[in-house]
Amino acid sequence: MSSLSTHVLNTVSGRPASAVQIRLFAGDTLMFTGLTNADGRCAELRSLELKPGKYRLEFEIGAYFQQQGMNLPEPLFLDVVPIVFGLGEAMHAHVPLLAAPYGYSTYRGS
């Protein structure tokens, strides 16, 4: 089995993004939903045991920036950020999200 972690960072403030809604899908099946903590992480996500395959993490980043009091035009440029990735046998994947209202990046972390 494999495991997964994430870390969401607000690149506007340079701080962790807390209370970001995240969802994990295996194919079209919703496997997990949760919120990031004060450090921008979701500890419950790491406790999942995942089989090899393709997954999708979705981050409700638009709602997060609106909750931060940012005056953003409607419709939001970035609302939900999906990251599709694959997991192999017995591995840990760390999928961080560095986000701003108009752009984001990710990478395979350790």
Side-chain angles (χ1 to χ4, degrees):
M1 295 299 231
S2 295
S3 63
L4 176 67
S5 61
T6 191
H7 190 199
V8 184
L9 298 170
N10 175 338
T11 60
V12 175
S13 68
R15 297 183 174 272
S18 64
V20 174
Q21 178 77 43
I22 62 172
R23 291 181 296 275
L24 176 67
F25 293 85
D28 292 327
T29 303
L30 177 64
M31 296 187 62
F32 175 83
T33 185
L35 292 173
T36 57
N37 61 20
D39 193 36
R41 300 175 190 273
C42 186
E44 300 87 1
L45 183 64
R46 192 169 186 140
S47 66
L48 298 176
E49 292 183 358
L50 304 173
K51 296 178 181 177
K54 286 193 176 183
Y55 293 88
R56 182 177 76 246
L57 268 174
E58 291 183 350
F59 300 85
E60 294 278 346
I61 207 66
Y64 164 78
F65 281 112
Q66 287 177 319
Q67 291 168 0
Q68 298 303 301
M70 296 188 88
N71 185 17
L72 300 172
E74 291 287 340
L76 297 173
F77 182 72
L78 290 178
D79 189 11
V80 177
V81 172
I83 300 174
V84 179
F85 59 96
L87 288 178
E89 277 293 331
M91 64 179 291
H92 174 74
H94 181 66
V95 182
L97 177 69
L98 291 78
Y102 299 100
Y104 68 91
S105 66
T106 189
Y107 55 92
R108 180 174 176 203
S110 57

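From a predicted model like this one, the values you see are computed outputs, not experimental measurements. Along the sequence shown, residues carry numbers from 1.
A continuous path of Ile, Leu, Val, Met, Phe, Trp and Tyr side chains, each step under 4.5 Å between heavy atoms, connects M91 with L24, placing both in one hydrophobic cluster. Linking Ile, Leu, Val, Met, Phe, Trp and Tyr whenever their side-chain heavy atoms come within less than 4.5 Å leaves L76 and L98 in two separate clusters. Note on F59: it clusters hydrophobically with Y55, by side-chain heavy-atom contacts below 4.5 Å among ILVMFWY residues. Put simply, V12 and L72 are part of the same group of oily side chains (I, L, V, M, F, W, Y) that touch within less than 4.5 Å, one to the next. L45 and V20 fall within the same hydrophobic cluster, where Ile, Leu, Val, Met, Phe, Trp and Tyr residues are linked whenever their side-chain heavy atoms come under 4.5 Å apart, directly or through other members.
Using modelled atom types, one side-chain atom of S2 and one backbone atom of G88 make a donor-acceptor pair closer than 3.5 Å. The main-chain N or O of D39 is found under 3.5 Å from a side-chain atom of H7 such that the two form a donor-acceptor pair. Side-chain atoms of T11 come within 3.5 Å of backbone N or O of A99 as a donor-acceptor pair. Formation of a donor-acceptor pair under 3.5 Å by the T36 side chain with backbone atoms of A17 is found in this model.
Considering only residues two or more places apart in sequence or on other chains, R23 meets the salt bridge (Lys or Arg N to Asp or Glu O under 4.0 Å) condition with E58, E60. Taking the side-chain hydrogen bond (donor to acceptor under 3.5 Å, both in side chains) definition, one finds that Q67 meets it with nothing, sequence neighbours left out. Taking the side-chain hydrogen bond (donor to acceptor under 3.5 Å, both in side chains) definition, one finds that Y64 meets it with N10, sequence neighbours left out. Listed by chain and residue number, Q21 satisfy the side-chain hydrogen bond (donor to acceptor under 3.5 Å, both in side chains) test with T33 (two or more places apart in sequence, or in another chain).
By the 30° and 60° cut-offs, the orientation of the rings of F77 relative to Y102 is tilted.
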| said: The test is side-chain contact (heavy atoms from CB on, under 4.5 Å); show your working for M31 and L50 and say whether it passes. | reply: CA-CA 10 Å; M31 296 187 62; L50 304 173; 3.6 Å; yes

| Residue pair L4, L48: steps toward the side-chain contact (heavy atoms from CB on, under 4.5 Å) verdict | CA-CA 7 Å; L4 176 67; L48 298 176; over 6 Å; no

| said: The test is side-chain hydrogen bond (donor to acceptor under 3.5 Å, both in side chains); show your working for H94 and S5 and say whether it passes. | reply: CA-CA 5 Å; H94 181 66; S5 61; 2.6 Å; yes

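Between V8 and I61 there is a side-chain heavy-atom pair separated by less than 4.5 Å.
With rounding to the nearest 0.5 Å, the separation of OG1 in T6 from CD1 in I83 is 6.5 Å. Atom OG of S3 and atom CZ of R46 lie 5.5 Å apart (nearest 0.5 Å). Atom CG in L87 sits 10.5 Å away from atom CD in E89 (nearest 0.5 Å).
Under a 4.5 Å side-chain heavy-atom criterion applied to ILVMFWY residues, the cluster that includes L30 comprises F25 as well. In the hydrophobic clustering (ILVMFWY side chains linked at under 4.5 Å, chained through shared members), V84 stands by itself.
Heavy-atom minimum distance, S18 versus A38: CB-CA, 3.7 Å.
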